[in-house]
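Encoded as structure tokens, the structure appears first; notes follow it.
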2 protein chains.
Amino acid sequence: MKAKPTGPIPAGWKSLGGELAIAGRTASDILAEAGETPLFIYSRELIDRRIAQLRAALPGRIGINYAVKANPFAPVIEHMTPHVDGFDIASQGELRMVMQAGIDPDRVSFAGPGKRDRELAAAIETGVTLNCESEGEAERTLAIANGLGHRPRIAIRVNPDFELRGSGMKMGGGAKPFGVDADRVAPLARRVIEAGAQWRGLHIFTGSQALSAEAIIEAQSNVLNLAARLTEAIDAPLPKLNMGGGLGIPYFPGDEPLDLTAIGDALSARLQSLPPMLAETELCLELGRYLVGEAGVYLCRVIDRKVSYGTTYLVTDGGLHHQLAASGNFGTVVRRNYPVAIATRFDQEPAEIVNIVGCLCTPLDRLADQVTMPEAGVGDIVAVFCAGAYGATASPAAFLGHGPAREMLL
Amino acid sequence: MKAKPTGPIPAGWKSLGGELAIAGRTASDILAEAGETPLFIYSRELIDRRIAQLRAALPGRIGINYAVKANPFAPVIEHMTPHVDGFDIASQGELRMVMQAGIDPDRVSFAGPGKRDRELAAAIETGVTLNCESEGEAERTLAIANGLGHRPRIAIRVNPDFELRGSGMKMGGGAKPFGVDADRVAPLARRVIEAGAQWRGLHIFTGSQALSAEAIIEAQSNVLNLAARLTEAIDAPLPKLNMGGGLGIPYFPGDEPLDLTAIGDALSARLQSLPPMLAETELCLELGRYLVGEAGVYLCRVIDRKVSYGTTYLVTDGGLHHQLAASGNFGTVVRRNYPVAIATRFDQEPAEIVNIVGCLCTPLDRLADQVTMPEAGVGDIVAVFCAGAYGATASPAAFLGHGPAREMLL
């Protein structure tokens, strides 16, 4: 069996006594206390480090929003509260989560192409900003706000006429279910302002999971140009511009971390020559995966080691019901290995080629294919990295009845 | 925009007053009572009809097992109880479900490559049959049973040396994490019999979701040959043979229903010439998707109708968090449309090409691409068919915080 590479283990994970360490404790020690595997562990230190890197690289004027959808674990949301400037939510469920964390509604904006009436009402009553995604949604918002006797806070999500090149998910540059086509934004903005809504600005999301600084710099420049053009057409000061996200993390063999300095330098230069109508505009980036993705690890335990026709399998108690993306089954065309290690033999040299699989009774349930690992047996702990974003909640936890994994912030 | 085809709407769904009907009631009527969309509805009538078709086609000697993983909704499990012969489970969670439904443990077998010690113990204590997947698991089972003072009921899951041709998921024919390689089954069976376990037989699963009767006939014949060969080598009567499943349902454009008569006729002929050592063996098929897949429909409501650069989108309150496979993101290489209709305009002629999307803030959330539909607007109900298996529990219900869909058996 030929070895296949794994993705790069993110910077910042350390070893202790030969094991993977989190917050100064070995994986075994943490699991002995936590009880059963599987377990998602999110590292406060790595989240803080990432935010510090962003603050150091970006101009001070650029705020950082946390996209709750990436990881809505309550302690993670709470941990973010003093460290980020705003929170982006995508459902009434996420609205409840940020309210439970005691976050000021003034810091929260709500985007999503299919907001129900009850979601609009909850957002209006709570006082969070609604990023309206269509003329129809704007009218529904105005009508519901009118009925409630509240003044709604409305921003418009723009479907930009360009895309983020090389992004994992394109969210602009053609017909899209998201946002209002750029050339229809100004009339709608004037409509909501005239109807008495509090005008909160624009949301321009161009894509996600890009690893090219050049592509992000280009997209950010295009976003600022578009915002200037739209603001001129709207003919009212732009209070806030959510410039979207798009900053990717390395998952797969060959992926390189983003050049954050280049992005920050380009933004600084661009801010020097910002058109006057954006001089007072509050600017922010909306980041989810980039803040938390590399700060999480998924730990599961080997419960069988078996050989079938010469191929060795480490069968774990984890699987795609917790880490769907790592199994290669969530919107992926070609399966590639995430960064994976034997946490209990973190410092040992690789000794054999194995397949690491989950406990589900389906051939889809693969955690690592043909990877070179130290020799591991029953009881050893497997670590799947890059598990901090779109892991626990982006996986079918009820599939086959094993139930969800525990989560911890350490 | 060029139209793309949808999969075939399964037989048996009717219309009433121009709407999709379930159990003699219109979709609107059901939703008015159920409250919010989205909603999975499973039809008792269609489940019963499918089981009747199987009973009519298959030789009386062939039992029908229900693979709970396909749809573990409690009323569905309960409904199955008098209609099927056995239940196949894949986790301790599913064990709890069948016990809660009051199912006799004698009718239950438990397969899965990664059973934990606590799962083995629960299975032994309950008295269900354990389909052991490796020598290691068999030894753990014997040791745990010994510690508990119970006699375990053990079958062996075989990794067959052939596969089900054309199946959606191959589960045999080479190195696999499932089962014991065929040439190692006999020594293991003798070992568990000698250790005092109650010998329950063999489980040979060759693949799933095949639409070719010819391929299924060939695989079933191979399964019977392999069982005969292994029984001879084990040199003990074979109490039971789970012949696996593999019977597929049409999901996509061009898919044709299985020729069940051909499969039944071939099995009848084959049973005439069964080797003597299988004369007393209890035979069964393990079916999940084939029993319930076409008997379920997922209903969601249009909450926005928008046009972006000439493309019309129906934005619904449903999405991939409930119907991941229909979105094309669960282990699919090329996305194709499931059977989809406007339930509230079920009898109307197609009038326009639309994209039907979910409410999630991700471009992955597509329910139907470029489909020809009657003109629908806000409030109309979209029906996604083939939602009875691997829908609600095989989707990331927590993704983006909208929560799970309701389920009903009508």
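- Per-residue heavy-atom pair counts under 4.5 Å with chain B were compared for Ala394(A), Gly112(A), Pro404(A), Ser327(A), and the maximum is reached by Ala394(A).
- Using a 4.5 Å cut-off between heavy atoms, Ile89(A) does not touch chain B at all.
- Interatomic distance, CZ of Arg116(B) versus CZ of Arg301(A), reported as 10.0 Å (0.5 Å rounding).
- Taking each heavy atom of Pro113(A) and Cys359(B) in turn, the nearest pair found is CD-O, 3.4 Å.
- How far SG of Cys361(A) is from CD of Glu133(B): 5.5 Å, rounded to the nearest 0.5 Å.
- Contacts between Asp317(B) and chain A at a heavy-atom distance below 4.5 Å involve backbone atoms as well as side-chain atoms.
- Looking at Leu95(B), there are no atoms closer than 4.5 Å to chain A (heavy atoms on both sides), in backbone or side chain.
- Top candidate by heavy-atom pairs under 4.5 Å with chain A, chosen from Ser91(B), Gly93(B), Ala398(B), Ala70(B), is Ser91(B).
- Contact of Arg305(A) with chain B is not made at all, since no heavy-atom distance falls under 4.5 Å.
- When heavy atoms are compared at a cutoff of 4.5 Å, Arg366(A) does not approach chain B at all.
- For the atom pair CZ of Phe178(A) and CG of Leu360(B), the computed distance is 8.5 Å after rounding to the nearest 0.5 Å.
- Formation of a donor-acceptor pair under 3.5 Å by the Tyr313(B) side chain with backbone atoms of Lys176(A) is found in this model.
- With a threshold of 4.5 angstrom between heavy atoms, Arg140(A) approaches chain B through side-chain atoms but not through N, CA, C or O.
- For chain B, no part of Glu135(A) is nearby; none of its heavy atoms comes within less than 4.5 Å.
- Using modelled atom types, no side-chain atom of Asn329(A) and backbone atom of Phe330(B) make a donor-acceptor pair closer than 3.5 Å.
- Across Gly310(B), Ser395(B), Gly318(B), Gly136(B), the residue that shares the most heavy-atom pairs under 4.5 angstrom with chain A is Ser395(B).
- What you find for Gly179(B) and Lys306(A) is that their closest heavy atoms are O-NZ, 2.8 Å.
- Annotation for Ile303(B) and Gly114(A): closest pair CD1-O, 3.0 Å, computed over non-hydrogen atoms.
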